[in-house]
Amino acid sequence: MGKRLGVRQWLALKLFKKLRQIRRDEHILNTLFWECTLRCNLQCRHCGSDCRVDSSVTDMPSKDFFRVLDNEITPNVNPNKVLVILSGGEVLVRKDLEDIGLNLYRRGYPWGMVTNGLGLSRQRLDSLIRSGLHSITVSLDGFEEQHFHIRQNRDSFKRAVEAIKMISEDEYLASDVVTCVTPALIPHLEEFKEFLYSLGVRRWRLFAIFPVGRAAQDESLQLNDEEYTYMLQFIERTRHEGRVKASHACEGFLGGYELKARTNPFECYAGVGIASIRVNGDISGCTSVRANFTQGNIYKDNFWDVWQNRFEKFRNRDWAKKGKCADCKMWQYCEGNGMHLYDDDENLLMCNYHRILR
Amino acid sequence: MKRFTIFMLTLLGYSFVSCDPNERAEIDTPMYGAPMAEYQENPLVDETLTQESNNDPQNE
C-alpha cells in the first residue's frame, strides 16, 4: 500500500488507459454545469468557487442559458442522459430556481445542485422536488466546531444537518454529502462517519482543500502529507466496511490507493464528458478549472461547435508533461492530474501522488 | 466495434480489482458536482407550480 501499485491495480490501470483515450476521442457530453450565480449567503474561508465569488456579478439570465440549451445543445444530445448541475455561489439565492428546474425537467434533462444547506427549508426542498430536482449535494465540513471554522456562520451547521436529513430520506433524490477535510477534523473522522450514517447518509465525498487563493495561506485548512495519507486510508477502510460509500472523487491520481479510495481509476472528465457555462458565459470544463482554460463564450460562440472542436488541452495532455510530471513513472496513468489543479500559468499546483507517504 | 471494445476493456479492467459489481457502471461524481442521475419521471412534479423562467423579470 502507499504509493506503489499492486499487480492487479497495475493491470487494471493499463487497460483503463485505453478506455480513457476512447472516451476522449468520443467526448460524449454527460454533465453540464451552469454557474448560474456567484452570489452567496456565506463567506467561507476557502470560498467554494475557486475564491472567485463576487456578489457584485450579475446572475446570468435564464433565457440566455435556455437559448444555448435549446438551440445548440439539445439537438445534439439525448437530454435524458445529460445531468445539468446548477452551481454557484449558492444556487438557493436564485428565486427563479424552481422555474429553471421545471424548464429543464420539461425538456427531459435531469438536474441537480450543490448547496451549503443554509437556505434549504422543508418548504424549499419540496418546491424543488416538485420542479423535477433529481440530484443534490450538501456540504458539511465536520462537527459544529470544524464546520463553523470554515463556514463562519453559527446557523450553518444546524441547517446543513437538517438539510442532509431531508435529502437522505427522499426516495426520488440521488444525494450525497461533501466534506472539506481540515486538520481539525482528522482525529474525528471515525465519529463523524457514524454521525453521517445516523443522519441517513450513504454516499460521502471527502476532499482536501487545494492550495489556491486565501486557502493556500491558511494552515488551519491545509492537510499535511501524513494527514492526507491518513484520509485516504480512512476512505479505503470506510469503503471496505460497505455502510457508507466514501470517495475521494476525481481529486487526482492516488498511486496505491487507486480503485480503493474511489470507484473508478483516476480520470479527469473535464472537457471529456463535462462542460460548464460560467456566469459570464464562458465555456469551460468543470467550474473548478481556472479561467485561462476557457474555450469560448456563449455570447460569441456556438456551444456545440466549441465542444466538438476545441477543448484540445483537456483531451490531449501532452502539454502537461513538464516539471515534476516530465519524468514521473505514473504519467501514463495520471497524465498530469486534474485540470482544476493547474494555475493560470498552466503549472501544476499540487500532486496528490507525491503527497502520499510510502 | 468501439462499444464492444469499451465493454471488454471495462470487464477486463474490473476483473483485476476487487470491486462491487453494482458499482461497475457508475461514474465518479465530479468535485463540484452532484451525484450522477438519469432522467426519470417524478409524479411529484407540479407543472403548474411556476411561470416560465424566461419571463422572470428578476434576472433581466
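Proteins come first, then strands; the chains are lettered A, B, ... in the order of their sequence lines, and each starts at number 1.
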Notebook entry, point to check: About how many Å separate CD of A/E98 and CG of B/D46, when rounded to the nearest 0.5 Å?
Noted result: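 Interatomic distance, B/D46 CG to A/E98 CD, rounded to 0.5 Å: 11.5 Å.
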Note to self: Distance check, rounded to the nearest 0.5 Å: B/E41 atom CD versus A/N80 atom CG?
What the structure shows: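 It is 9.0 Å, given to the nearest 0.5 Å.
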Closest non-hydrogen atom pair between [X] and [Y], with its separation:
{"X": "B/V45", "Y": "A/I129", "answer": "CG2-O, 3.8 Å"}
{"X": "B/A34", "Y": "A/L83", "answer": "O-CD2, 3.8 Å"}
{"X": "A/P110", "Y": "B/A37", "answer": "CG-O, 3.4 Å"}
{"X": "A/A174", "Y": "B/M36", "answer": "CB-O, 4.3 Å"}

Any idea which of [options] has the most non-hydrogen atom pairs under 4.5 angstrom with chain B?
{"options": "A/G6, A/C286, A/G108", "result": "A/G108"}
{"options": "A/L86, A/I136, A/L13", "result": "A/I136"}
{"options": "A/S135, A/C268, A/G112", "result": "A/S135"}

Using non-hydrogen atoms and a 4.5 Å limit, figure out which bit of [X] sits close to chain B: side chain, backbone, both or neither.
{"X": "A/S139", "answer": "neither"}
{"X": "A/Y172", "answer": "both"}
{"X": "A/I85", "answer": "side chain"}
{"X": "A/Y109", "answer": "backbone"}
{"X": "A/Y105", "answer": "both"}

Next item on the list: State whether the number of non-hydrogen atoms from other residues, nucleotides or ligands found under 6.0 Å of A/K81 atom NZ is greater than 12.
Entry: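 It does not: A/K81 NZ has 12 such atoms or fewer within range.
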Notebook entry, point to check: B/N42 versus A/H134: any side-chain heavy-atom pair under 4.5 Å?
Noted result: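 A side-chain contact is absent here, since even the closest heavy-atom pair is not under 4.5 Å.
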